[in-house]
Structure formats: structure tokens, C-alpha cells
Amino acid sequence: MKDGKSFLRNVIGEYMTELGRLNDKVVLVNADLAGTCRNTDFTEQYPDRSFNVGIAEQNMVSFGAGLAAEGFVPYVFSMAPFLTMRACEQCRTDVAYGNRKVRMIGTYAGVSGGISGATHWAIEDCGIMTSIPGIHVFEVSDANQARNLMKYSLESDMPMYVRCGVEPTMNIYREDIEVEAGGSIEVKSGFDGVILCAGVLVQFAIEAANRIEMKTGKSIRVVDMYSLKPLDRQAVISAAKTGRVVVAQDHNVIGGLGSMTAVVIAEEGIKTKFKIIGVKDEFVAMAHAPYLYQYYGMDADGLESAMMSLFE
Amino acid sequence: MKKDDLIYLEKAAMDIRINLLRLCNKEVIHIGGDLSVADVMTVLWQYQMKYDPDNITDENRDRFVLSKGHASAVTCFNQAAIGCYSAEDVINEYATDHGRFSMHSCNLVNPYVEISTGSLGHGMPVACGMAAALRMKGNVTSRVYTVMGDGEQAEGSIWEAVANAKRYKLGNLVAIVDCNGLEADGKIDEITGLGNIADKYRAFGWNVVEIDGNNIAEIKKTFDELPASDSEIPTAIIAHTIKGKGVSFMENEKRWHAGKISDEQLKECINTLEKAFESRFKG
């Protein structure tokens, strides 16, 4: 924690030791990114339950599926782009099709990989992973939420993908914040428009909503859609009924949260103004993450003007 | 006749081939690769593996992962031979909607399938994870057997797992490569540049045994002489086989990677197999 902010990959990585204590079937599999994924507390405390397969993400996921087939609960860590793209078919066939209780944890979500370049961004992972049958997909926005989601991951039997970025996030929730598959959290109430968001962008959405309220008196709801799949349909329906929906996502504008939200609204036949904010279906070679949040209109300024444009 | 009797196993392998051909008369199956690995699979399932169909969750059972997932038919018939179901079940239900048996196999519908496979290069890495899991559980008696194709060796994920199995000292892992020399599009040597597969496993520090994979006695002897399951070096059995083995018009013919045979061909094939068996063992 730093100035009321947290680094979620640290939170998740460090919480692994607690999961290891809670359940002796918990094992960790990494592909030479134990440091990056903040797994070293666990690997030092539980060396016999830690595997580092080397720079071999496909093998990492298949190996995890094999451990799960034998009754262990593997937490497979990598950067989100390598986990979900290099090892995509392993996630899909060995984990999802095999229905294995594997927890796939991807850091460097969205453009948080920033200056490392688009090789290290994960802007397709939400589209990819939500399109795979039989897995649940989550994105965390806050430290307490991240810890509670990790705890929830022990209870659920579903294959699971969790993404988190590397940029700091504001501490939003209390320790007892509830998380579950299909859930969402109304972070701020409001009736004139809704920002549906996830992950690192939740803090920007809160700021944008507060500013709009202060400047115009319009009340803007902010909903943390941390469960991308299953998606909380009721939260989407309720948002659409206000007539103004901005979806803010740290991934490509095609696929993932915005696309899934649009489908719900279309299926329900609700008339609403609607805007998706995300990576504009393009690569930027290399740039810092905060710059990219501004560039793509994902930051508070961008979300404020996106929502205000729906009032025009 | 006891199951460790060579003639018993020869007869069992012939029965597997006859069942494969009966199925191949009804449906398109991957007959070439089923026939090449039929002898290995017969000795593995009907002699070598500790596997009780009445107690399939027994922790001390041996595990089997069909990495060359398209050899599902030869697996099903061997499972039938040990009592998981009947050969008629396999023939009647194969390739039916929502059926237990098809072109590849799936653990969601068939409890005797440990791991769903079909896409190549997956089974072997999963088998590595299972072998490591057995070690973590303190299970020193079970082995994990996986059967791959030689064409499958072109998948990079295989070599990720090969290095990994050595590093994690998985002496309880036995990887069998059915080297029939052909893949769907033709000769492996002309397509992949894989070269000597056995040497590659040796280079990774594995225990490597090269055998005639269509010789029942040699297969049985190889299994009899496997290093102990609690040893630390994984074993690769490089089984040199003939694709389509036992059916003259299919042998070494890429066109019989998958296919279907006529009633007449079936009759002729069974007749040939039975005569060959009689002349070898009853003469």
C-alpha cells in the first residue's frame, strides 16, 4: 500500500501464502516470472508446492492441468498476454474443456505493461478468455477485492482466469467486500447515467462521476463489473434504463466487457445512449501506461467527457 | 492361457485389429495410426498397466494419457478388452451424438479417459503435470504412460515438457512415441526435418529405449525392464512401427491415415489376419 493505493499484483502474489496455509492442495506454477508475478513469498515458504517450468507458457498451463487432474489446486501465473495468447489453446483445451480447477492469473493486464510495449500488453485477453466455454473471468480493481477474490477462488470449482494490472489502484473497498461469480459492485449510486467499468479504470470512473456531479449536478452511477464472465446482466439492464451507459475497459474496444454489455442491452431491447472506451483497435508501440490511459480516454478526463457527450 | 503369455498377447492384438477393422467398416477412423500402435497399446493395457476398471479412482492405479488423441479407437477397444465396456458398445456408440466414443476422447463423457485429447502436443505436457502430482502425493508406485505420434514431435510444447520432465526427475513418466514415419500429409522425414527422435530424447537426458513397436515380445520385454517407478529419469520408448500394420493395402500408405473400408475388404482383412496368426502359432 502506498498513499491509499495498492499494487494488485503484489497483493495477489503475497496472498498466495495465505491460500497455501488455508489449503495444502494449493500449488503454484510459474514460467520464469516468479519475481514479476510476486510469487517468491510462496515459493520460499512452500518450495515443494512450487513449480517453475522455465520460459514455456504452454507447458506451464498443461502441467497445471495435470496437477489439477490429480487433485491439486494449481495457481498458474504469468503475464496476461503470454498466458492467454501463447498458451491460449492449453487454457481452452487442457483447462476449460477438461474442466480442471486451475486458476490462471495474468498480470500486466490491459496497457499496464506500458513502456514494455504492445508485446507485453493484454488487450485481447478479455475477448479471448470470455469466449472460452466453461471458465469464469475476473478483473480486480482494489486490494481487498483482490484478496477476497483469491479466497473465493478456493471455494469455486470452476476453471478461472483473473487479470490484474501493474499500475497502482486506489483502495476502494472495505475488508469484507463480497465477491462472487456473476457479481458486480455499485461503487457510487446515480440515476442520470452509468459508467460500467473494471480494474484500474474503476478509480478513474469514480473521479469522473464525482466531477460531473460537482460541475453539473447530474448523478452518475459507477459499477465495478469485476466478474466479466458470468456478467451481471441485471446491473447492465439497470444501467441501460438510465439511458446513458459508458463502458470503460482496459482492453481493446472489440470483445470483452463492452461487447458483452452491448449484447445484453440489445437482447433486452433497451433504448440507451452507449459508448465503449478502451484501446481503439490499434497498437501503440511503446508508451507509459498513464499516458496511454489519457491517450485512449480511459482516465478521469476521458471518462468525464465520454459521459458528458451522452448528454448532448 | 495367462495374460503374460506371448501367444495370449498376440491373439489379443489380433482381436484389437479385427475390432478396429469392424469399426472402420462402419465409420471413418484413424485406422493407420490405430494399427501402427495396436501392439504397443495391447501390451500396455492388457499386460503392463495397473488399472482396475472396477476401481478407476484407485490412487495406486497407473495413469494413461493418449497424447496422439486420434488413436482413440485402439484405446477404447483395449479398455473394452479389460472390461471397461464391451467392444460392441464401442462399435455401436462410436461417433454418435453425445456418445462416449469418437474420433478423439473426452474425460467429460468417458470416465476411463483421464485426460481429454485430440489437439496434438497437449497430452504429454499434461502427463508431466500428473507425474509431478503423484510425486507430491508421495505415490511412488504408479506410473504415468503417455503415447505420442512421431509427427506430433514437431509440436514445440512437447519439447517444453521433455526438458521439464527431466528437471523434475519424473522417473514415473513413460513416454511412448509411435514412430510410424507418416503424418497426414506424407512422410515425416520430408515434411518436418525432425531427424532422429531417439537422439533428441537422449540429448535431453532421458532413458531411451528403441524397439520394434510391432513386436509383442520386444514390447513386453521393454515394459518388464522399465526402471523402477520411483526412479528419477523419465523413459522414452521409441517404438518403430508400420502405419497400417497388419493390413497389406494400408501399410505405409498415407491415404490410410483415416478412412473406411468396404464389407468385402473387411472380410478379406479378417481372413488374412487370422490366417497369419494361425500360421505363426498353430502350425
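Below, chain A is the first sequence line, B the second, and so on; all start at residue 1. Just so you know, these numbers use all the heavy atoms, side chains as well, and skip hydrogens, waters and symmetry mates.
The shortest heavy-atom contact between A:Gly98 and B:Ser116 is CA-OG, 4.4 Å.
Interatomic distance, CZ of B:Arg135 versus CG of A:Asp48, reported as 13.5 Å (0.5 Å rounding). Residue B:Cys128 holds its SG atom at 11.0 Å from CZ of A:Phe51, rounded to the nearest 0.5 Å. Here CD of A:Glu57 is found 7.0 Å from CD of B:Glu160. Values are rounded to the nearest 0.5 Å.
For CZ of A:Arg92, the number of neighbouring non-hydrogen atoms (other residues, nucleotides, ligands) closer than 6.0 Å is 12 at most. Within a 6.0 Å sphere centred on CD1 of A:Ile55, heavy atoms belonging to other residues, nucleotides or ligands number 12 at most. By the 6.0 Å contact criterion, CZ on A:Arg86 is open, its count of non-hydrogen atoms from other residues, nucleotides or ligands being 12 or less. Atom CE of A:Met286 is surrounded by 12 or fewer heavy atoms from other residues, nucleotides or ligands within 6.0 Å. Counting heavy-atom neighbours within 6.0 Å of B:Lys169 NZ, excluding the residue itself, gives a total of 12 or less. Within 6.0 Å of the NZ atom in B:Lys50, the count of heavy atoms belonging to other residues, nucleotides or ligands exceeds 12. Heavy atoms of other residues, nucleotides or ligands lying less than 6.0 angstrom from CG of B:Asp230 number more than 12.
Using modelled atom types, no side-chain atom of A:Glu70 and backbone atom of B:Ala133 make a donor-acceptor pair closer than 3.5 Å. Checked by atom type and distance alone, the side chain of B:Lys137 never pairs as donor or acceptor with a backbone atom of A:Gly71 at under 3.5 Å.
Looking only at heavy-atom pairs under 4.5 Å with chain A, the residue among B:Ile158, B:Thr117, B:Ile115 that has the most is B:Ile115. Per-residue heavy-atom pair counts under 4.5 Å with chain A were compared for B:Ala163, B:Gly123, B:Ala132, and the maximum is reached by B:Ala132.
Contact annotation: the side chain of A:Gln90 approaches that of B:Ser157 to within less than 4.5 Å [non-hydrogen atoms, C-beta and beyond]. Side chains of B:Met136 and A:Leu67 form a contact here, defined as non-hydrogen atoms less than 4.5 Å apart.
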Point to revise | Step-by-step side-chain contact (heavy atoms from CB on, under 4.5 Å) determination, A:Asn52 to B:Arg167 | key: CA-CA 10 Å; A:Asn52 192 334; B:Arg167 182 254 179 269; over 6 Å; no
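For A:Tyr97, the parts lying near chain B are the backbone and the side chain together; criterion is any non-hydrogen pair under 4.5 Å. For a residue to count as touching a neighbouring chain, one of its non-hydrogen atoms must lie under 4.5 Å from one of that chain's; by this rule B:Leu108 touches chain A with the side chain only. Neither the backbone nor the side chain of A:Val29 comes within contact range of chain B, judged by heavy atoms closer than 4.5 Å. If you measure heavy-atom distances from B:Arg63 to chain A, the contacts under 4.5 Å come from the side chain alone. Using a 4.5 Å cut-off between heavy atoms, B:Ala161 touches chain A through backbone and side chain atoms alike.
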